[in-house]
Amino acid sequence: MSTSFRWVEQARSGRARAGHLHTAHGVVPTPTFMPVGTVGTVKAMTMDAVRSTGAGIVLGNTYHLMLRPGAERVRALGGLHRFMDWPGPILTDSGGFQVMSLGPLRKLDQDGVTFSSHIDGSKHRLTPERSTDIQHALDATITMCFDECPALPAAPEIIAQSMRMSMRWAARCREAFVQRPGYAQYGIIQGGTEPELRAESVRALTGIGFEGYAIGGLAVGEGQELMFSTLDATTPLIPWDSPRYLMGVGTPDDLLGSVERGVDMFDCVMPTRAGRTARAYTERGTLNLRNARHAVDSRPISPHCDCLACTRHSRAYLHHLFRANEILGPMLLTWHNLSYYQRLMRGIRAAIIEGTLEAHAAWLRAQWAMADWSPDEMPPPDIPPVP
């Protein structure tokens with residue numbers, strides 16, 4: 001049943017917020033992490049497996065889906081929700097970042113971007129209107145504005161020109177967006193790491209008016225300290241009752257620090273990409289399961305994880321799978337990493353609601369700083385219960 005799109009606060013701790021995002025495709029508790037399903041699939045995962053991790057919303061990508069299989073084909077087959085077996089909310093990236101990453105394969109002008117497909121070299125064009133129309137055809141719950149994301153570092157005048165063009169494009173995206181109950185469009189705040197430009201971007205977007213606001217152009221090599229200082233200058237300017245989405249971020253520590261600065265939504269390829277390359281996220285940092293020390297280790301990756309990799313298999317078995325180049329290794333480890341990210345977010349959310357975020361954050365950072373447990377060591381007794 002359709003509902004109005006809205007974010008409703010449940011609790012706050014400093015600038016950190018816990019709430020519920022109400023959409024046409026269901027309600028999502030926030031803060032939330034969105035697994036990346038770029039081409040209509042979260043790599044190495046069935047959607048039942050994704051659901052089992054506790055994920056409430058996933059991400060798709062306009063650029064990739066317009067090239068293959070094509071937005072109109074997806075529409076004809078019932079939309080992206082049905083096509084990929086995900087009835088819950090889907091946010092679609094506009095394709096701007098992917099197009100801008102093509103380098104010499106794309107040509108930018110004030111109206112949009114002409115580019116050559118990385119698949120077959122065919123010519124295509126994306127404009128703010130076309131990107132918005134494609135996301136409509138896909139039936140995205142949350143549509144993102146088409147923008148330019150300049151590579152950093154760049155001169156302030158280059159960043160300013162790019163940001164102002166993105167703001168003009170945002171106005172065009174808004175005009176092209178088809179309003180429907182429970183659906184939303186997010187404007188994307190640009191401006192590099194320049195506080196004045198970020199503030200100008202927020203003013204432009206809130207003047208246009210969107211259901212939510214994303215912070216783009218970060219996690220592109222500027223470093224965590226500069227990313228956090230940019231968030232410190234930006235998130236207080238965003239309307240409190242609007243969801244805030246930090247695009248393409250990040251490590252567990254990035255997520256925690258960003259939640260503390262008022263961000264609600266995240267996506268990143270890190271947990272899935274790490275799963276395909278034998279790296280496991282745990283309460284005690286990351287493990288490389290290709291390392292020989294895991295060859296005879298009968299423990300699970302984590303004693304606190306209820307994913308299939310941890311409840312049914314040992315580190316030794318996973319080590320064997322990766323050494324043997326068996327596809328089951330990436331599947332199981334991706335499942336584990338996404339489960340860890342969802343458990344991390346649930347724990348942070350619970351701490352906000354209970355008023356214990358400061359202590360919980362200190363505990364998380366202390367655990368990440370420690371080495372993995374040795375085979376004969378029990379997990380420390382001070383691990384708090386995780387929902």
Side-chain angles (χ1 to χ4, degrees), residues 23-26 34-51 53 55-103 105-107 112-147 149 169 173 176-178 180 182-186 188 247-248 267-269 271-273 275-276 327 330-331 334-335 338:
T23 83
H25 297 103
M34 300 181 284
V36 176
T38 302
V39 296
T41 176
V42 177
K43 291 184 185 298
M45 295 282 281
T46 67
M47 297 317 289
D48 278 344
V50 175
R51 280 185 278 270
T53 69
I57 178 172
V58 299
L59 180 144
N61 184 263
T62 296
Y63 167 81
H64 290 282
L65 291 168
M66 71 175 280
L67 295 179
R68 187 171 52 193
E72 292 308 320
R73 181 175 297 177
V74 174
R75 190 210 298 263
L77 291 168
L80 190 56
H81 299 270
R82 182 175 179 183
F83 190 58
M84 67 186 289
D85 182 32
W86 183 265
I90 299 175
L91 181 149
T92 47
D93 194 355
S94 70
F97 179 81
Q98 287 73 27
V99 169
M100 302 309 165
S101 300
L102 291 173
L105 295 177
R106 54 93 170 153
K107 183 177 180 180
V113 185
T114 302
F115 63 95
S116 299
S117 165
H118 73 284
I119 299 171
D120 58 12
S122 57
K123 293 287 186 182
H124 299 269
R125 183 160 177 81
L126 269 179
T127 64
E129 293 81 6
R130 177 63 179 146
S131 173
T132 304
D133 290 346
I134 290 170
Q135 293 176 79
H136 181 76
L138 296 172
D139 193 31
T141 314
I142 301 174
T143 293
M144 299 303 299
C145 282
F146 188 62
D147 66 337
C149 181
W169 286 3
C173 288
F177 180 66
V178 179
R180 290 149 290 161
Y183 288 76
Q185 185 180 45
Y186 284 15
I188 303 177
M247 306 178 74
D267 81 282
C268 191
V269 298
T272 49
R273 182 174 291 166
R276 300 193 301 277
I327 195 169
M331 292 171 66
T334 298
W335 196 329
L338 287 179

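The analysis underlying the following values was restricted to heavy atoms, covering all of them including side chains, and did not include hydrogens, waters or symmetry mates. Just so you know, residue 1 is the first one in the sequence shown, and it goes up from there. Since the structure is predicted, the reported quantities are computational estimates derived from the model, not experimental observations.
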**Complete:** When every non-hydrogen atom of Leu338 is compared with those of Pro35, the smallest separation belongs to CD2-CB, 4.2 Å
**Asked** Is the backbone N or O of Ser117 less than 3.5 Å from a side-chain atom of Ser122, with the two atoms forming a donor-acceptor pair by type?
**Response** no
**Pairwise distance CD1(Ile188) to SG(Cys149) - rounded to 0.5 angstrom** = 9.0 Å
**Request:** Using atom types as modelled and distance alone, determine if a side-chain donor or acceptor of Thr62 lies under 3.5 Å from a backbone N or O of Asp93.
**Result:** yes
**Item:** Side chain to side chain, Ser116 and Arg106, heavy atoms closer than 4.5 Å
**Value:** no
**Request:** Anything under 30° is parallel, anything over 60° is perpendicular, the rest tilted; go ahead and classify His25 against Tyr183.
**Result:** perpendicular
**Request:** State, with a plain yes or no, whether a side-chain heavy atom of Arg73 is found less than 4.5 Å away from one of Arg68.
**Result:** no
**Prompt:** Between Ile57 and Ile142, is a side chain to side chain contact (heavy atoms under 4.5 Å, CB included) present by the stated rule, with each step listed?
**Reply:** CA-CA 10 Å; Ile57 178 172; Ile142 301 174; 4.1 Å; yes
**Fill in**
Smallest heavy-atom separation, Asn61 atom then Tyr63 atom, equals OD1-N, 3.0 Å
**Prompt:** Can you find a pair of side-chain heavy atoms, one from Phe83 and one from Leu65, that are under 4.5 Å apart?
**Reply:** no
**Item:** For the student: nearest non-hydrogen atoms of Asp85 and Met47, plus distance
**Value:** O-CB, 3.4 Å
**Item:** Closest approach of Trp86 to Pro89 (non-hydrogen atoms, all atoms of both residues)
**Value:** NE1-O, 3.0 Å
**Message:** Measuring centre to centre across the rings, with the benzene-like ring taken for any Trp, is His136 within less than 6.0 Å of Phe177?
**Reply:** no
**Message:** Under the side chain to side chain contact (heavy atoms under 4.5 Å, CB included) test against Cys173, which residue among Thr127, Thr143, Thr132 passes?
**Reply:** Thr132
**Asked** Under 3.5 Å, is there a donor-acceptor pair between the side chain of Thr334 and the main chain of Met331?
**Response** no
**Item:** More than 12 heavy atoms from other groups under 6.0 Å of CZ on Arg51
**Value:** yes
**Asked** Do side-chain atoms of Ser131 reach the backbone of Pro128 as a donor and acceptor pair under 3.5 angstrom?
**Response** no
**Asked** Below 4.5 Å, heavy atoms only, C-beta onward: do Arg180 and Asp139 meet side chain to side chain?
**Response** yes
**Item:** Heavy-atom pair with the smallest gap, counting every atom of Val269 and Thr272
**Value:** O-OG1, 3.0 Å
**Item:** Distance (rounded to the nearest 0.5 Å) between Met66 CE and Gln98 CD
**Value:** 11.5 Å
**Message:** Go through it in stages, so that I can follow the logic: the residues are Met247 and Leu59, the test is side chain to side chain contact (heavy atoms under 4.5 Å, CB included), and I'd like the CA-CA distance, side-chain angles, deciding distance and then a yes or no.
**Reply:** CA-CA 11 Å; Met247 306 178 74; Leu59 180 144; over 6 Å; no
**Atom CZ of Arg82: over 12 foreign heavy atoms under 6.0 Å** = no
**Request:** Please examine the side chains of Met84 and Val58, heavy atoms only from C-beta on, and report whether any two atoms are closer than 4.5 Å.
**Result:** yes
**Request:** Measure the shortest side-chain to side-chain distance between Leu126 and Ile134 over non-hydrogen atoms and say whether it is less than 4.5 angstrom.
**Result:** yes
**Item:** Minimum heavy-atom distance Thr141-Ala24, with the two atoms named
**Value:** CG2-N, 4.5 Å
**Prompt:** What class does the angle between the rings of Trp169 and Phe146 fall in, given that below 30° is parallel, 30 to 60° is tilted and above 60° is perpendicular?
**Reply:** parallel
**Prompt:** Is a side-chain N or O of His81 found less than 3.5 angstrom from the main chain of Ile90, in a donor-acceptor match?
**Reply:** no
**Asked** Do other residues, nucleotides or ligands put more than 12 heavy atoms under 6.0 Å from the CD1 atom of Ile119?
**Response** yes
**Asked** About how many Å separate CD of Glu72 and CG of Leu138, when rounded to the nearest 0.5 Å?
**Response** 9.0 Å
**Item:** Under 3.5 Å: donor-acceptor pair, side chain of Gln135, backbone of Met144
**Value:** yes
